[in-house]
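Note: hydrogens, waters and symmetry copies are ignored here, and every other heavy atom, side chains too, is used. The first residue in the sequence is number 1, and the count goes up from there. Each ligand, and each atom within it, is numbered from 1 in the order the structure gives.
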Amino acid sequence: MKLLVLGGAGYIGSHFVKEALKNNHEVIVIDNLSTGHIESLPKEVKFYQGDIRDERFLDEVFLQERIDACVHFCAYSLVGESMKDPLKYFDNNVIGAIRLVQAMVKHAVKYIVFSSTAAVYGSHEEMPITENFTTEPTNPYGESKLFMEKIFKWSDEAYGIKYVSLRYFNVAGADSEGTIGEDHSPETHLIPIILQVPLKKRDKLTIFGDDYNTFDGTCIRDYIHVLDLADAHLKALDYLKRENNSNIFNLGSESGYSNKQILSNARKITESPIPSEIGPRRPGDPDKLIASNQKAKKVLNWEVKRDIEDILKSAWNFHKNHPNGYRGDK
Ligand code: UDP
């Protein structure tokens, strides 16, 4: 298929692009490079730099390229930042989705796979979380993704655009070659932050809160390897073509790890002491998020091939090769 990958120069987008090319898709990338890195894209990919909220820019790309499907990764995705600046999240994530649907309608593109998040669920006692759980986000980031899901749901009703919404749990890890990986500035995610300590980029890890309602008091998350995630997008595209139907899937591993457990695994893999301290809670964090992935397994024929060790090892491999992120590649 000829795929328009929006946000293809970002962490998850760039891993998807690499896998899509391996699977013989033709790939066009749009990115405004506000958080993405041009260095993360293979040379053969056609790239348009611009913002998806810019109607004329989007119109031009759709006119130039005859797209079969969109794969939409453009979004701000930081819980903490979204609590401080919710409008930034609604502006980029929600308006971006509206502009994209408008362009799809105008240019008769029928299929889209897009990134949603476990943050749409909010706090639940019962685990694992299935797609039928109520959606009550505890932060504006999750809320903005829920709005996006609703935009696509009603756009299916009205314009017949078929979508797959993929609700990611915690994505981490890197490509096995160690050439692409996670590089955010500033970094806020647990695994890359932990790995910055043995790389001497920070003195210690601050664990945000140890008074959560979990077995060791620290938050529990479900980590999924970025390559397993990329594979789910390819399977979602197959599903859209095969079934011509919209759907929503969780993407997680069904295993929960507390922040302290991630730290202790990282200490083993990096063979480094990684000092840590307990700090205050980060506003907006639910206690526990663990996915049920039964639906994706059954309907998409997807499987989780990589575990937490693969995640930490591949992330460590990337960060050791790129201690200054992509800046070191320039
Ligand atoms: N976390 C932490 N210290 C950090 C960064 C993150 O304790 O320096 C915690 C965070 O509060 C959450 C977990 O690690 O409980 C995962 O956070 P992350 O930002 O990686 O992903 P999120 O769950 O927000 O998508």
On a heavy-atom basis, I'd like to know which of [options] is closest to [atom].
atom                    : options                : answer
atom 1 (N) of ligand 1  : Y257, Y168, Y223, F208 : F208
atom 24 (O) of ligand 1 : H189, K288, R221, R282 : R282
atom 6 (C) of ligand 1  : T188, I193, D287, I207 : T188

Is a side-chain donor-acceptor pair under 3.5 Å present for S314 with H225?
->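 Yes.
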Is it true that D285 and R281 have a side-chain N and a carboxylate O under 4.0 angstrom from each other?
->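 The answer is no: the pair does not qualify as a salt bridge.
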Could you check whether the rings of H37 and Y326 sit parallel, tilted or perpendicular, using 30° and 60° as the cut-offs?
->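 H37 vs Y326 ring planes: tilted.
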Is it the case that K88 places NZ or CZ above or below the six-membered ring of Y76, under 6.0 angstrom from the centre and within 45 degrees of the axis?
->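 Pair K88/Y76 counts as cation-pi.
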Cation-pi check, K295 to F249: give yes when NZ or CZ is under 6.0 Å from the six-membered ring centre and within 45° of the ring axis, no otherwise.
->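 K295 over F249 ring: yes.
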With heavy-atom distances below 4.0 Å as the criterion, list the atoms of ligand 1 near [X].
X    : value
N170 : 16 (C), 21 (O), 22 (P), 23 (O), 25 (O)
D285 : 10 (C), 11 (O), 12 (C), 15 (O)
C219 : 15 (O)

Take E19 and K22 through the test salt bridge (charged side-chain N to carboxylate O under 4.0 Å, His left out) and record every step on the way to the result.
-> CA-CA 5 Å; E19 294 304 297; K22 278 191 206 160; 3.1 Å; yes
Suppose we measure from [atom] to each protein heavy atom; which comes out shortest, and what is that distance?
atom                    : value
atom 13 (C) of ligand 1 : N259 OD1, 3.4 Å
atom 3 (N) of ligand 1  : T206 O, 2.8 Å
atom 20 (O) of ligand 1 : L190 N, 2.8 Å

For D156 and K162, indicate whether the former's side chain and the latter's backbone hold a donor-acceptor pair under 3.5 Å.
->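 Pair absent, no side-chain N/O of D156 close to backbone of K162.
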